[in-house]
Protein chains: 2
Amino acid sequence: MADIKLKDLRYLVALADTRHFGKAAERCFVSQPTLSAQLKKLEDYLGVTLVERQPKHAMLTPAGEAIVARARRIVESSDEVVEIARSHRDPLAGRLRLALLPTIGPYLLPSVAPRIRKALPRLELMLYEYQTGPMLERLRAGDIDVGILALPIELEGLESRALYEEPFVLTVPTHHPLAQKSQVKTDDLKGVTLLLLEDGHCLRDQALDVCSRIDVHEKQDFRATSLETLRQMVASGAGVTLLPELSTLGPYATARGLVVRPFVKPAPTRQVGAVWRRTHPRQRAIEAVANVIAEYALQQPRGRS
Amino acid sequence: MADIKLKDLRYLVALADTRHFGKAAERCFVSQPTLSAQLKKLEDYLGVTLVERQPKHAMLTPAGEAIVARARRIVESSDEVVEIARSHRDPLAGRLRLALLPTIGPYLLPSVAPRIRKALPRLELMLYEYQTGPMLERLRAGDIDVGILALPIELEGLESRALYEEPFVLTVPTHHPLAQKSQVKTDDLKGVTLLLLEDGHCLRDQALDVCSRIDVHEKQDFRATSLETLRQMVASGAGVTLLPELSTLGPYATARGLVVRPFVKPAPTRQVGAVWRRTHPRQRAIEAVANVIAEYALQQPRGRS
DNA sequence: TCCGGGCGATATATATTGTCTATCGAAATA
DNA sequence: TATTTCGATAGACAATATATATCGCCCGGA
């Protein structure tokens, strides 16, 4: 069950090119006896004479010619392997698959993606949007490299890092009683009708959690499929909802028919973090991406008064 | 200047298939630590992590995937090399390039070629026709494997073997005085007009040699380019010639207008032999071919009385 | 014919390295 | 908490690739 050695094939190719054992050995940076002995072993292993040793110049047998033709391709390919490896050597280069929660991605990416691209220009960022469950599955399956979601989660073989703490804000229709207050308390939610996302969105559970000790009514037969439909429902007066602060900043801050009210401190929040396989070979790239996100969050105005 | 080892690529491919170090090691008939250590060395050499070691099942990094793809083709090709070698292993199989003198080939081959094919069915016989000089050149250059010609010759790095001794016969026009004799002596050639082949044909020199001590006249301004034109010239009465006996047997014995007369013994002859490079790797095939020719010659009626 | 040079093969010592067994350590499982 | 799984590590051993020195064979020139 022995094996051909790649080095021997190199020797053979060199001999085919030079037709001279000494020259071939020189080209391979070995002594002549080495090349001679190794080629002999190769011939013994293959059971065929590859080289006809003539006094002046060596020449290849038909078997030798046939095998050298393959050997050239093999040697080339093996050099390509080294070349491919070299191109993958930079841990901050290459494809990195990043997934975000649907309640985070659309609001974080417009500002953060350009920063990542600028800080890590050789990184080819591939973006995905998954809810927590599927995201963790795909993370473990190796379909994605990093997930951005709400901590804590059940980590098995996964590593996580907190990135920023995101306050919730209350979103109410313009003419709702609570719109009169500049800040709200969780107790203010007593008796109001709450609109929530459908099952699977962790934001739904987080909102329910905030209201756990309070008597609120979830609007029956309604489960929004996205933050945007939820926002539109609030604007149409069907109820109120909790939104992550980031989704109410920027272009979304100007939506008509609804107002946004922060909670009095300590405001309810959720912890946003990054998750990846503990065994991931490019921890440095992941760390770098996480750093960019965390730094961006630091610079944001927090909990507008 | 170290080198990738083919075996390592096998290990990598096995790991890619099994996603499990133990299983992969088993498939490669080595212990798990061996495969583990070798793959680590490969990664170190390439400067890239190829495998992500997860607790349950290993998985390949993008670099690993890219390299495994190449590795599969390399391993396949290296197996093909072994396969090619196997197909060349039988020394009595494969192409053998055989050259014959123009004064031998056309008369020997019709009977001998079928016998060679029968005795050595796996031999792919390629036939050529060259005069002595070019034949030896091509022999030394490796363009042909065996030459059938008249010995002795200057052998440099060449080996030779006598196959059979071929008598010369005298060929004269039907109405020539010498046609009256049933056997001729070389002295009978005194004063006759001799027709010969052009320069380059060794038969020309051999004929001149036979007549060296006799006063013969070579026909001026005439040099035949082949035995057949020579034969036709004799039939037309232009003179007489010496022919190798084999060329006057079989279908050629019945030519019109000329008769063939053997010499009294000891008749002049030429030694026909085989020549090949001393270094030729398939001595056995050459020997086998030579045997068939020599045996055939033994069975032939010699010097018809 | 003898001698010298070119070239590949052989002999022997040595350093490398691939391989084994035994064991460890980490992480998942019960 | 105990057990199992799985890959990594340690250390000994054996295979082997390599180098230096030398041999033997042809060939060419004096």
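Below, chains carry the letters A, B, ... as their sequence lines are ordered, and counting in each starts from 1. Keep in mind it's a predicted model, so treat the numbers as computed, not measured. Any value given below was found using the heavy atoms of this structure, including those in side chains, with hydrogens, waters and symmetry copies removed.
The side-chain contact (heavy atoms from CB on, under 4.5 Å) check on B/Leu155 picks up B/Ile153, B/Leu158, B/Ser160, with sequence neighbours excluded. A/Arg278 meets the salt bridge (charged side-chain N to carboxylate O under 4.0 Å, His left out) test with A/Glu159; sequence neighbours excluded. By the salt bridge (charged side-chain N to carboxylate O under 4.0 Å, His left out) test, A/Arg19 is found to be paired with no residue, residues two or more places apart in sequence or in another chain being considered. For B/Glu137, the side-chain contact (heavy atoms from CB on, under 4.5 Å) criterion is met by no residue, not counting sequence neighbours.
Distance, A/Leu42 CG to D/dT16 P: 14 Å, rounded to whole Å. Distance, A/Leu39 CG to D/dT18 P: 11 Å, rounded to whole Å. B/Gln54 has its CD atom 15 Å from the C1' atom of D/dT5, to the nearest Å. The separation between A/Ile4 atom CD1 and D/dT16 atom P is 15 Å, rounded to whole Å. When rounded to the nearest whole Å, the span between CZ of B/Arg19 and P of D/dG7 equals 13 Å. In this structure, the NZ atom of A/Lys23 is 9 Å from the P atom of C/dG8, given to the nearest Å. Per the geometry, CD belonging to B/Glu26 stands 12 Å off P belonging to D/dC6, to the nearest Å. If you measure from atom CD of B/Glu52 to atom C1' of D/dC6, you get 16 Å, rounded to the nearest angstrom.
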Nucleic acid footprint by protein, nucleotides 18-23 of chain C - heavy-atom cut-off 4.0 Å, B for base, S for sugar-phosphate alone: SSBBB-
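Sequence order on DNA chain D of the closest nucleotides to B/Ala58 and B/Leu155 puts B/Ala58 first from the 5' end. Projected onto DNA chain D by closest heavy-atom contact, B/Glu156 and B/Lys40 fall at different nucleotides, the more 5' of which corresponds to B/Lys40.
Of the possible donor and acceptor atoms, none in the side chain of B/Arg282 sits under 3.5 Å from a partner among the backbone N and O of B/His280. The backbone N or O of B/Val51 lies less than 3.5 Å from a partner atom in the side chain of B/Glu43, making a donor-acceptor pair. Between the side chain of B/Arg277 and the main chain of B/Leu139, a donor-acceptor pair closer than 3.5 Å is present.
Between A/Arg10 and A/Asp79, at least one side-chain N (NZ, or NE/NH1/NH2) sits under 4.0 Å from a carboxylate O, which counts as a salt bridge. Between A/Glu65 and B/Arg95 there is no salt bridge, since none of the side-chain N atoms of the basic residue sits less than 4.0 Å from a carboxylate O of the acidic one.
Of the residues in residues 275-285 of chain A, none has a non-hydrogen atom less than 4.0 angstrom from any atom of DNA chain D.
At C/dG8, one or more side-chain N or O atoms of A/His20 fall inside 4.0 Å of OP1 or OP2 (strictly under the cut-off).
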